[in-house]
A.B. asks: 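Before I ask anything, here is the structure I am working with.
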Amino acid sequence: MSATIDIDRIFHENRASPPSERTLPWEETRDGITVVVEPKPHWADDMRAFRLEAPEYCSYADWTANGGHARFYGHIDTSGDDVMMTARSLIAREIADGLWD
């Protein structure tokens with residue numbers, strides 16, 4: 001494992017790709033609202049944007065078109081912070097297992 005690999009670098013490099021090609025979540029802020037965008041799985045028509053600190057989400061298309069005026073829906077237990085923390089812990093585990101170099 002390279003000493004220069006860390007979670008922040010991995011997320012930074014992922015963010016250099018266009019949104020439709022990203023594989024890790026990322027934050028966006030508009031109109032005073034911050035969301036974490038969840039990358040699109042192979043079967044999905046659109047990505048979801050979760051409010052950072054509330055269990056609510058909207059479609060990414062709605063978010064890009066309307067920003068903070070997008071229609072958010074309640075989610076039983078997932079916020080943007082949950083999405084980001086899960087991704088970061090998975091990457092940390094992969095780094096520890098030597099899967100990144």
Side-chain angles (χ1 to χ4, degrees):
M1 175 175 74
S2 171
T4 61
I5 289 291
D6 68 17
I7 295 170
D8 292 329
R9 179 175 159 210
I10 291 168
F11 275 87
H12 177 75
E13 289 178 6
N14 185 72
R15 186 139 179 156
S17 300
S20 62
E21 296 176 13
R22 294 178 187 165
T23 58
L24 298 171
W26 68 93
E27 289 184 16
E28 290 186 11
T29 301
R30 295 191 183 142
D31 304 322
I33 296 174
T34 301
V35 298
V36 173
V37 181
E38 184 179 52
K40 182 173 90 172
H42 70 281
W43 48 264
D45 292 332
D46 192 16
M47 295 180 277
R48 295 187 296 179
F50 286 88
R51 289 183 77 136
L52 182 62
E53 297 177 356
E56 298 178 343
Y57 72 97
C58 67
S59 72
Y60 186 65
D62 191 10
W63 173 253
T64 57
N66 301 307
H69 300 289
R71 182 172 179 175
F72 285 88
Y73 302 93
H75 193 282
I76 191 163
D77 62 357
T78 302
S79 68
D81 189 49
D82 297 327
V83 171
M84 190 60 77
M85 292 303 291
T86 298
R88 291 181 74 81
S89 67
L90 290 172
I91 295 295
R93 192 171 322 137
E94 290 177 355
I95 290 171
D97 290 344
L99 300 176
W100 291 85
D101 53 13

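Because the structure is a prediction, the values reported are computed rather than measured. The basis for the numbers below is simple: all heavy atoms, side chains too, and nothing from hydrogens, waters or symmetry mates.
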A.B. asks: CZ/R88 to CG/L24 distance, rounded to the nearest 0.5 angstrom?
C.D. replies: 10.0 Å
A.B. asks: Distance check, rounded to the nearest 0.5 Å: I91 atom CD1 versus R9 atom CZ?
C.D. replies: 12.5 Å
A.B. asks: Looking only at non-hydrogen atoms, find the nearest pair between R22 and P39 and report the distance.
C.D. replies: O-CB, 3.5 Å
A.B. asks: Could you walk me through whether L52 and E28 pass the side-chain contact (heavy atoms from CB on, under 4.5 Å) check?
C.D. replies: CA-CA 9 Å; L52 182 62; E28 290 186 11; over 6 Å; no
A.B. asks: Go through E27 and F11 one step at a time and tell me if the side-chain contact (heavy atoms from CB on, under 4.5 Å) criterion holds.
C.D. replies: CA-CA 11 Å; E27 289 184 16; F11 275 87; over 6 Å; no
A.B. asks: Testing the basics here: between T64 and R30, what is the closest heavy-atom pair and its distance to 0.1 Å?
C.D. replies: CA-NH1, 3.0 Å
A.B. asks: For P25 and V83, which heavy atoms make the closest approach, and how far apart are they?
C.D. replies: CB-CG1, 3.8 Å
A.B. asks: Drop me the distance from T23's OG1 to N14's CG, to the nearest 0.5 angstrom.
C.D. replies: 4.0 Å
A.B. asks: Hey, could you give me each pair passing side chain to side chain donor-acceptor pair (under 3.5 Å) that has a residue in residues 89-98? Not counting sequence neighbours.
C.D. replies: E94-W100
A.B. asks: Describe, in one word, how the ring planes of Y73 and Y57 are oriented to each other, choosing from parallel (under 30°), tilted (30 to 60°) and perpendicular (over 60°).
C.D. replies: tilted
A.B. asks: Using links of under 4.5 Å between side-chain heavy atoms of ILVMFWY residues, direct or through other members, which residues join F72 in one cluster?
C.D. replies: W26, I33, V35, V37, M47, Y60, W63
A.B. asks: Any Lys/Arg nitrogen of R48 or D62 sitting under 4.0 Å from an Asp/Glu carboxylate oxygen of the other?
C.D. replies: no
A.B. asks: Taking the side chain from D46 and the backbone from S59, do they hold a donor-acceptor pair closer than 3.5 Å?
C.D. replies: no
A.B. asks: Is any side-chain heavy atom of T86 less than 4.5 Å from a side-chain heavy atom of T78?
C.D. replies: no
A.B. asks: For D31, is the CG atom crowded, meaning more than 12 foreign heavy atoms sit under 6.0 Å from it?
C.D. replies: yes
A.B. asks: After noting the C-alpha distance and the side-chain angles of F50 and D82, does the key distance pass the side-chain contact (heavy atoms from CB on, under 4.5 Å) rule?
C.D. replies: CA-CA 9 Å; F50 286 88; D82 297 327; over 6 Å; no
A.B. asks: Could you pull out the closest heavy-atom pair between S79 and A54, with the gap in Å?
C.D. replies: CB-O, 3.3 Å
A.B. asks: side-chain contact (heavy atoms from CB on, under 4.5 Å), that's the test. Do I95 and I7 meet it? Break it down for me.
C.D. replies: CA-CA 8 Å; I95 290 171; I7 295 170; 3.9 Å; yes
A.B. asks: Do D81 and V36 have side chains that get closer than 4.5 Å, going by heavy atoms?
C.D. replies: no
